[in-house]
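Below is one structure, written out as C-alpha cells, with a few remarks after it.
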Amino acid sequence: MIRLVDVEKSFGTQKVLNHLNLEISNGKITVILGRSGEGKSVLLKHIIGLMRPDSGEIWIDDQEITGLKPRGLKEVRKRFGMLFQEAALFDSMTVGDNVAFPLREHTRKDEAGIDKLVSGLLREVGLEGIEEKMPSQLSGGMRKRVGLARALALNPEIVLFDEPTTGLDPVMTDAIGDLILETKRKFDITAVVISHDIALSAKIADELAMLHEGKIVEKAPPGAFFNSSVPVIKKFVNVQKFSLPSRDDELANHHD
Amino acid sequence: MFKLINIIGLSITKILSEMGRMVLLFIETLSWVFRPPYRPFLIVKQLEFVGVKSTLVVIITGLFTGGVLALQTYYGFKMFSAESLVGATVGLSMTRELGPVLTGLMVTGRAGSAMAAEIGTMRVTEQIDALSVLAVNPVEYLIVPRVIAGVIMLPILTVLSDFLGIAGGYFVGVNLLGISSGAYINKLIQYVDLSDLYNGLIKAACFGLILAFVGCYKGYTTSGGAEGVGKATTQAVVMASAMILVADYFLTALMF
Ligand SMILES: Nc1ncnc2c1ncn2[C@@H]1O[C@H](COP(=O)(O)OP(=O)(O)OP(=O)(O)O)[C@@H](O)[C@H]1O
Ligand SMILES: [Mg+2]
C-alpha cells in the first residue's frame, strides 16, 4: 500500500500540494485525475522519492521514504517502474539500449537473453523491430511506448504512469489501456496512472482520485466517482462526456 | 545605500551557497571514484570524447604558441647576442606554463562546455530523474567517468602541446630566423628538466579535474529548459577558465 499523509510541497510561494492525504491499495489500478498544472506529476515524483515533501509522510508498505538515505531509496526504487510524462528516454542510446538499460544494470542476464527480452517488450507495446532507431527519430507517441517498455522491463511491483496515452491516437490509447490491464493481470502490479482521458480511466480504473487545489477531493471506485457531487469532478466528467453526443446531434441535423 | 548592501549581501549568500553545493557534489563524486560499479566502457568513451574533440585545437595552439614564443624571444635575446637561448625559453615556457594552461583553456571550450550542455539537457528532459528511478546513481553514472577522463586526458594532450610548441619554436627559430639547430636543441636539453615536464603535467591533471567537474556541476544543476542549458554552458566555460587561471597561480607558487 502506498500512503501519503499530510503531504505539503511548495515551489517558492506557490503551494502545489496542500496537506494531501491519499491511500493507494496494492494490486489495484488507481487513476489520478486533475486539471493541467494541478500537481499530478509532482505527486507522482513524491511517491518515488524524486521530490521530497516540505512536510508529511510517504509510506510504501511499511517503509517511510521521505527520510531515507540514497542507498535505502535505491532499494525501494527497484520495486518501482515509472513512465515519465515526456518519456525521458536516454537520447544518446538506441531504443534497444534504452529498454535493455535496467536489465543490464540490475540483472545478470547475457546479451542474447537481454536481446530476446527487449524485442518481446517492444512487441508488447506495438513497436517490433525498432531496436536500432535513436529516440530522436521517433514520434512522441512512439517514445512514450518505448518508455513504457523500459518501465516494465524489470517486472516492477508498482508502476507509475504519467499520462501514458496523451498524444496517442484512439486505437493506440485503447491498446495501451489493454496493456496496462494485461500487465496488472499477469504480474499483479499496483498501478498509479495519471490521465486526462475519461474513457481510458473508466476502462482501467479500480479506483479514481481527483486532485484539486493541492488536495485529493474525492477517491472512489468508478461508479461512485463518476456520479460524484463534487463540482470539479462533475465539470471534468461532463465536459468529456457531452462532447460526443453534441457532435452526433450536429451530424443528425445535417442529415435533415 | 541599504539597497546596495542588500544586493551585495544577497550575492554573497548566493556565491557561498553555490560553493557549498559544489563542494558537496565534489565529495560525492570522489566517494564514487573508488567504489563499484566501475564503468571502464563509459570512461573509455569519455576519454575518446575529450581527446577527439580537442586534439586538433590543441595541435594548432601548441604549434603557433611555440612559434610566436620563438619569434618574440629571438628579437629580445638578439640584443644580447643570446639567440641560442631561444630553445630553452620556448621549452621552459611550454612545459611549465603554456602547455598545461592553454590546453586546459582550449579543452574547457571544447569538451567542458559540451559536458555542461549534455548533462544539462539530460536534466531538463528528466533523463537524470529517469536514471534515479532506474536505481542508477546519476553522479556515479554521469559525472565520475567524465572527471576521470578529464584527469587522464589533459596530461596526454599537454604532452602533445608541449612537443608541438617546441617543434613550432624550432621551425621558426631554426628554419626562419637562422638559429643553429644544435644550439636550439642543446640549450633546450641543458635548461629544461624532466621535473619541469612532470610539474606541468600535474598542473594539467588538476586543470582536467576542474574543467570536467565544473562542466558536470553546471550541467547537473541546470534548470529552466533550453535557455537554462545555454546559460549553464556559458557559465561552465567562464567559471572553469577562471578557476584554471587561479589554480595555475597557486600550483606554480607551490611547485617552482
Ligand atoms: N521543479 C519545479 N520547480 C518549480 N515549480 C515546479 C516544479 N515542478 C513543478 N512545478 C510547478 O508545480 C505545478 C504542478 O506541476 P505538475 O507538473 O505536477 O502539473 P501536472 O498536474 O502534472 O500538469 P499536466 O497535466 O500539465 O502535466 C506547476 O505549476 C509547476 O509550475
Ligand atoms: Mg504532468
Legend entry - Heavy-atom pair count under 4.5 Å with chain B, highest-scoring of A:Val76, A:Asp91, A:Leu73, A:Leu160: A:Asp91
Inset, instruction - Check whether more than 12 heavy atoms from other residues, nucleotides or ligands sit under 6.0 Å from atom CD of B:Glu227, and answer yes or no. - result: no
Inset, instruction - Please determine if B:Arg39 and A:Glu105 form a salt bridge, counting it only when a charged side-chain N lies under 4.0 Å from a carboxylate O. - result: yes
Legend entry - Heavy-atom proximity to chain B below 4.5 Å, by part of A:Arg79: neither
Inset, instruction - Against chain A, label B:Ile128 side chain, backbone, both or neither, depending on which of its atoms sit under 4.5 Å from a heavy atom there. - result: neither
Legend entry - Segment of A:Leu89 engaging chain B (4.5 angstrom heavy-atom cut-off): backbone
Inset, instruction - Nearest 0.5 Å please: distance from the CZ atom of A:Phe11 over to the CE atom of A:Met51. - result: 4.0 Å
Inset, instruction - Determine the option with the most heavy-atom pairs under 4.5 angstrom with chain A, choosing from B:Thr125, B:Thr121, B:Leu131. - result: B:Leu131
Legend entry - Verdict with supporting geometry, A:Glu64 and A:Arg3, salt bridge (Lys or Arg N to Asp or Glu O under 4.0 Å): CA-CA 9 Å; A:Glu64 208 283 315; A:Arg3 206 149 53 88; over 6 Å; no
Legend entry - From CA spacing to verdict: side chain to side chain contact (heavy atoms under 4.5 Å, CB included), A:Arg104, A:Glu111: CA-CA 8 Å; A:Arg104 292 200 177 115; A:Glu111 279 304 303; 2.9 Å; yes
